[in-house]
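In what follows, every chain begins at residue 1, and chains take the letters A, B, ... in the order their sequences are listed.
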2 protein chains.
Amino acid sequence: MSEPNAKQAKTTTVWDDATSKKFFDHIESKKDEYIKRLAEAVAIDSVSGEVARRPKVVEMGHWLKAWIEKLGGTVTMKDIGKQTLEGQEVDLPPVLLGQYGTDPSKKTLCVYGHYDVQPADKSDGWDTEPFVLTEKEGRLFGRGSSDDKGPVLGWLWAIEASQELGLDLPVNIKMVFEGMEESGSVGMEELIRAEAKGFLSDVDCVCISDNYWLGTTKPCITYGLRGICYFFLSVEGSTKDLHSGVFGGTVHEPMVDLVKMMSTLVDAKGNILIDGVNDTVAPVVADEHKVYEAIDFDIQDYKRDAGLVGDVPHPSKVDTLMRRWRFPSLSIHGVEGAFYGQGGKTVIPRKVIPDQDPEDIFKKVEKHVLAEHAKLNSTTKVSLTSEHGGKPWVANFDHPNYVAGRKATKEVYGVEPDLTREGGSIPITLTFEEATGKSVLLLPMGRGDDGAHSQNEKLDVSNYINGIKLLGSYIFNLTDI
Amino acid sequence: MSEPNAKQAKTTTVWDDATSKKFFDHIESKKDEYIKRLAEAVAIDSVSGEVARRPKVVEMGHWLKAWIEKLGGTVTMKDIGKQTLEGQEVDLPPVLLGQYGTDPSKKTLCVYGHYDVQPADKSDGWDTEPFVLTEKEGRLFGRGSSDDKGPVLGWLWAIEASQELGLDLPVNIKMVFEGMEESGSVGMEELIRAEAKGFLSDVDCVCISDNYWLGTTKPCITYGLRGICYFFLSVEGSTKDLHSGVFGGTVHEPMVDLVKMMSTLVDAKGNILIDGVNDTVAPVVADEHKVYEAIDFDIQDYKRDAGLVGDVPHPSKVDTLMRRWRFPSLSIHGVEGAFYGQGGKTVIPRKVIPDQDPEDIFKKVEKHVLAEHAKLNSTTKVSLTSEHGGKPWVANFDHPNYVAGRKATKEVYGVEPDLTREGGSIPITLTFEEATGKSVLLLPMGRGDDGAHSQNEKLDVSNYINGIKLLGSYIFNLTDI
């Protein structure tokens, strides 16, 4: 919710149909230019996960800095220290703190993005050179095209277009662009929390363009993320591996105890059987149903994309979407048996209701496994440890920040965006919300099939160009925050 | 059982107390010589599992051939072909078919052993050079000292001692010494079956000295082996790994189905829950109990040696021994989860009653898992495949072949040997029994703590020297077969 504030979003620009048409047409007219610039950015192989390419990440940061300054903005390259990678101590890429507009009478939008990319090599199975942006059938193939260079550049071209047309933005814009997102955002949370009373202290709303449409045809805006509780369950029977021929049948076997405990965690339809875990899930309210019913989602496509060999346990669209986004799920990722190396992964309950806390879930899971173990009358030793947890996040999609995003989508695509959540975690979202106390919007540019992190990552030309319009229109619609 | 045969075991030697004392004293007097020769054999690092050391295996074979011939025996070096190892085609070490004594009026004993050894390197954690036989506190440390060079040499020194004392053996001896036992006995089963009508056609009984005492103080002879049924259970949910954040809760998860099925196979005390598997286990007859009660076995030592962190499920000695040797056990070795490489191991029911057949067990396990999967109403695809099976083996320990072994043990150690079985499989045993149709005896030389296959493998000097006496006495006692 936006709270009382002396300032009002002000602009001399009247964002009417004529203005938006002029803005959109201008962006269309510069399509080739925008693609050329994206190609420049993609050509800088800013892979944060490889020591050898760290300088390229820094180079990409300077490329962005130069553009922000060219547009009349200011940039601080924030040094966030060093890390040890591949055995050597290397500098962390700087975080760009950019500022465009300093009108004290205007409100301030903060946009986040990242300029580093996932590793990529043609030999991994790319059809084209990953760091050579290649247009084929209306698609721009290249590492980082969609994740997240396209969106980051989109903010800049939207600002540039407004200048070229002499349109006054209703808000000042602060930019937080990091170079470590694909490598765990090392140092980011600390920086954001540290800047809460500094660079971010006057931020009125936040927009992150770093996710995707649910599918390939309908735009969406995203208002929720599932949290995560990640556990490691250990059962010890003896101090060394035992020959099952020699000892089988005469000792308590950890693997047997383990599968018995794990078999009690969740049923075959995905219902969690751990006492108390479902109690803290917020009940579904009547109109919440409508949000899911309205979403453009096809179970058959979903099954095909997932490569399922059978059917889904919950054939209704609403059930599947709710179980994907707002109900807890529990996955068993693997078991480290006597013949395996390190790295066993165990239970992962995920859920979406903010008042359900990972620590609370841990206590409930621990209570459950210890009780199940007690039933076995086995003398193996059991321990449960929490690997990492991430709180879930849900935003109010009626907040003016979201209304602006919805209006912009309607203007650009002519349809109301689907209101979606994400199963995967984007922890920076929660960090921004907690640090600023303001509304955070996830406004995606790319499609669900862009293949971020995969081979042949792409961004459709239409999503890129319309995405620039979308981000611009969103800014111009930020008048009521 | 020995069947009617025109031939009788004949000897001009009367094996009385005086003769056995003379024989044993002679062997004692040559202790240093025997140790020196074992050191020579251990120095030949005949590791069959390493291409680079294959020539050493062949060298060891020739070392043995020379000794057998020196003792007046004849040897055929049987070529059993090639195999591909570490990417290159290499010769399989020859199988030595040795013959000592050709008296047509005598019966024939066949002895089996192997002259290859497990890999070993000081850096693996050996306190001494593994291929330098090192005597410390009455123990001979060195790779192969106990498994199986000590016993193989024991046969030769027993024969030599009988010659040196002018004692006539009651049987002809045929020797089968292989060089691939530690590498799966490639080609051995085929060879033995092929020689059933040839080299082995006139064999009247078989003795294998390639296992160990149950403990460290009391000798034993072994009359049974557990068979093995080895399964691989596969559950497929989709054609690719799925992100549990994105798909969790909306698809049937193979890991969940798998742990649920596996949790129904066996209870925490090791009782198999698969319908029908226990039905074919022969009931325990009254006097069978006595065999186990008589065995020198301490649960506390067993727990300590196994490094158990807790107690055993079956504290009684008889229960534990029976579950170890004559009842089926079921072990779950591991699970290949989404984040693992190849090699997942699944259920291993083991059992000991000859009329319980691996194929029959496979049918019952398959029926069980399919029924459990049906209960889950899951659309994952399940398949069970049998990796390999090994029939169990139990011999009649009142057969003259065993009586000879028991008499020999009493003469050398002054106690009745424990009558034991083994959990681990020694498939060659069953192969010899099936190929010859005669009694097969397992007569161990070493102790339960010799650490075959481990670091610091050793053979106690007393077991080596007494073992030579034991094998000799056994031969002289083979008068009633």
Side-chain angles (χ1 to χ4, degrees), chain A residues 226 228 236-240 242-253 255-257 259-260 262-263 266 268-270 302 306-314 320 323-324 327-340 343 345 348 350 376-381 423-425, chain B residues 226 228 236-240 242-253 255-257 259-260 262-263 266 268-270 302 306-314 320 323-324 327-335 337-340 343 345 348 350 376-381 422-425:
Chain A
R226 294 217 278 193
I228 173 172
E236 182 188 15
S238 66
T239 56
K240 57 187 170 187
L242 297 175
H243 189 303
S244 57
V246 179
F247 293 93
T250 68
V251 297
H252 288 292
E253 299 196 17
M255 274 299 296
V256 171
D257 291 357
V259 296
K260 283 182 179 294
M262 294 203 302
S263 70
V266 60
K269 282 173 116 27
Y302 185 67
L308 299 191
V309 299
D311 207 343
V312 291
H314 308 283
T320 287
R323 284 176 172 273
R324 187 177 178 185
F327 283 115
S329 73
L330 189 152
S331 295
I332 300 171
H333 275 205
V335 176
E336 180 181 320
F339 288 82
Y340 290 90
K345 296 182 168 55
I348 305 183
R350 280 190 164 67
L376 298 176
N377 291 313
S378 169
T379 61
T380 53
K381 293 208 179 332
S425 39
Chain B
R226 294 217 276 192
I228 172 173
E236 182 188 16
S238 65
T239 54
K240 56 187 170 186
L242 298 174
H243 188 303
S244 57
V246 180
F247 293 92
T250 68
V251 297
H252 287 292
E253 299 197 17
M255 275 298 297
V256 171
D257 292 356
V259 296
K260 283 182 178 295
M262 294 202 302
S263 71
V266 60
K269 280 174 124 15
Y302 185 67
L308 299 191
V309 297
D311 207 343
V312 292
H314 309 284
T320 288
R323 283 175 173 273
R324 187 177 179 185
F327 284 115
S329 74
L330 188 151
S331 295
I332 299 170
H333 276 205
V335 176
F339 288 82
Y340 291 91
K345 295 181 168 56
I348 306 183
R350 280 187 163 66
L376 299 177
N377 291 313
S378 169
T379 61
T380 53
K381 292 208 180 331
E422 292 270 347
S425 40

query = So which of B:Val266, B:Asn377, B:Val309 has the biggest tally of heavy-atom pairs under 4.5 Å with chain A?
reply = B:Val309
note = Here the gap from A:Arg323 atom CZ to B:Thr250 atom OG1, rounded to the nearest 0.5 Å, amounts to 9.5 Å
request  = Would you give the length of the straight line joining atom CE of A:Met255 to atom OG1 of A:Thr380, rounded to the nearest 0.5 angstrom?
outcome  = 12.5 Å
note = Between A:Ser331 and B:Gly248 the two heavy atoms that sit nearest each other are OG-CA, 4.2 Å
task = Report the option among A:Ser378, A:Ala268, A:Pro313 that has the most heavy-atom pairs separated by less than 4.5 Å from atoms of chain B.
result = A:Pro313
Test item: B:Lys381 side-chain N/O and A:Gly310 main-chain N/O as donor-acceptor pair under 3.5 Å = no
ask   = Between A:Val312, A:Val251, A:Leu376, which has the largest tally of heavy atom pairs under 4.5 Å with chain B?
value = A:Val251
query = At their closest point, which heavy atom of A:Tyr302 faces which heavy atom of A:Arg324, and how far apart are they?
reply = CE1-NH1, 3.4 Å
note = Of B:Gly249, B:Gly270, B:Ser238, the largest count of non-hydrogen pairs under 4.5 angstrom with chain A goes to B:Ser238
message = With a 4.5 angstrom heavy-atom cut-off, is it the side chain or the backbone of B:His252 that approaches chain A, or both, or neither?
response = both
query = Are any non-hydrogen side-chain atoms of B:Val259 and A:Ile332 less than 4.5 angstrom apart?
reply = yes
request  = Can you tell which part of B:Glu253 gets under 4.5 Å to a heavy atom of chain A, answering side chain, backbone, both or neither?
outcome  = side chain
inquiry  = Please classify the contact of B:Asp311 with chain A as side chain, backbone, both or neither, using a heavy-atom distance under 4.5 Å.
reply    = both
